[in-house]
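Remarks on the structure that follows.
Keep in mind that what you see is a predicted model, and the values were worked out from it rather than measured. When a residue number appears, it is its place in the shown sequence, counting from 1. All values below come from the heavy atoms of this structure, side chains included, with hydrogens, waters and symmetry mates left out.
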Amino acid sequence: MQNVFWTAYSNQSRTAAISQLEEIISRYGYIVQFQPFSDLSLSIQIEIAESRIDALYASLEKQMRLDAFEKLNSASDRERNLFLNVTFIKGSGDLKIEVPAVPG
């Protein structure tokens, strides 16, 4: 299984971009691993059939800026690992998640 590496940049809020990414990726493949880095970036590992990689790139490209990728033009259904690193342009690096007080 050969790996594919992409880098993307989103100017949307982190939560909106993650929701959109999840919806788009689920149409083409499966999220295997998800690693956020504060509100600056996240790394996603995707398992996807080789024949669907070009379509995923085209869908993501409509929502965020991606570094150049040479299309595979493949009809193969062999599984590939795709690693997507997304940087959030509006990130501050100081993500705080408020946890409500729970009585008890």
Side-chain angles (χ1 to χ4, degrees):
M1 189 179 318
Q2 198 173 26
N3 298 329
V4 177
F5 297 91
W6 291 346
T7 302
Y9 307 91
S10 176
N11 61 3
Q12 295 180 349
S13 73
R14 177 182 161 274
T15 51
I18 290 172
S19 176
Q20 197 171 56
L21 280 166
E22 182 181 26
E23 189 254 315
I24 292 169
I25 292 168
S26 68
R27 286 188 243 150
Y28 302 97
Y30 304 96
I31 296 174
V32 176
Q33 190 171 6
F34 177 96
Q35 180 64 49
F37 299 99
S38 186
D39 66 340
L40 292 175
S41 67
L42 66 93
S43 187
I44 304 172
Q45 180 183 354
I46 303 163
E47 281 188 359
I48 185 170
E50 188 174 272
S51 61
R52 304 191 76 163
I53 291 176
D54 292 342
L56 174 60
Y57 184 86
S59 290
L60 289 174
E61 193 173 37
K62 292 176 185 173
Q63 303 302 320
M64 58 190 61
R65 197 178 101 225
L66 283 110
D67 285 350
F69 170 70
E70 190 172 320
K71 295 190 188 277
L72 298 178
N73 296 316
S74 175
S76 172
D77 282 333
R78 79 177 180 174
E79 288 291 313
R80 299 280 294 262
N81 275 321
L82 190 150
F83 295 92
L84 174 62
N85 184 43
V86 181
T87 299
F88 302 109
I89 294 170
K90 295 179 181 176
S92 66
D94 190 27
L95 177 65
K96 293 182 180 167
I97 300 173
E98 298 294 325
V99 178
V102 179

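Classified by interplanar angle (parallel below 30°, tilted 30° to 60°, perpendicular above 60°), the ring pair F69/Y57 is tilted.
In terms of heavy atoms, A17 sits closest to S10 at CB-OG, 3.6 Å. Nearest heavy-atom pair, A8 versus L84, reported as atom, atom and distance to 0.1 Å: CB-CD1, 4.0 Å. Contact detail for L60 and L66: the closest heavy-atom pair is C-CD1, 3.5 Å. Between Y28 and R52, the shortest heavy-atom contact is O-CD, 3.6 Å. Residues R14 and P36 come closest through the heavy atom pair NH2-CB, 4.5 Å.
Both I18 and I46 belong to a common hydrophobic cluster when Ile, Leu, Val, Met, Phe, Trp and Tyr are linked at side-chain heavy-atom distances under 4.5 angstrom. Hydrophobic clustering (side-chain heavy atoms under 4.5 Å, transitive across Ile, Leu, Val, Met, Phe, Trp, Tyr) keeps Y9 apart from F34. In the hydrophobic cluster analysis, where Ile, Leu, Val, Met, Phe, Trp and Tyr join through side-chain heavy atoms closer than 4.5 angstrom, V4 is grouped together with M64. The cluster map of Ile, Leu, Val, Met, Phe, Trp and Tyr, joined by side-chain heavy atoms under 4.5 Å apart, puts L82 and F5 in different clusters.
Rounding to the nearest 0.5 Å places CD1 of I31 at 4.5 Å from CD1 of I25. The CZ atom of R65 sits 9.5 Å away from the OG1 atom of T87 when rounded to the nearest 0.5 Å. With values rounded to the nearest 0.5 angstrom, T15 atom OG1 is found 11.0 Å from Q20 atom CD.
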Under the side chain to side chain contact (heavy atoms under 4.5 Å, CB included) criterion, do R80 and N3 qualify, and how do the steps go? CA-CA 6 Å; R80 299 280 294 262; N3 298 329; over 6 Å; no
Step by step, would you call I24 with L56 a side chain to side chain contact (heavy atoms under 4.5 Å, CB included)? CA-CA 8 Å; I24 292 169; L56 174 60; 3.9 Å; yes
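When each of I53, V86, D67 is checked for a side chain to side chain contact (heavy atoms under 4.5 Å, CB included) with W6, only I53 meets the rule.
L42 places a side-chain heavy atom less than 4.5 Å from the side chain of F88. Here the side chains of N81 and E47 are in contact, with some heavy-atom distance below 4.5 Å.
The 12-atom threshold is not exceeded at OH of Y30, counting heavy atoms of other residues, nucleotides or ligands nearer than 6.0 Å.
D54 places a side-chain N or O within 3.5 Å of a backbone atom of L72 that can act as its donor or acceptor partner.
Listed by first then second residue, pairs satisfying salt bridge (Lys or Arg N to Asp or Glu O under 4.0 Å) with a partner in residues 17-36 read E23-R27, not counting sequence neighbours.
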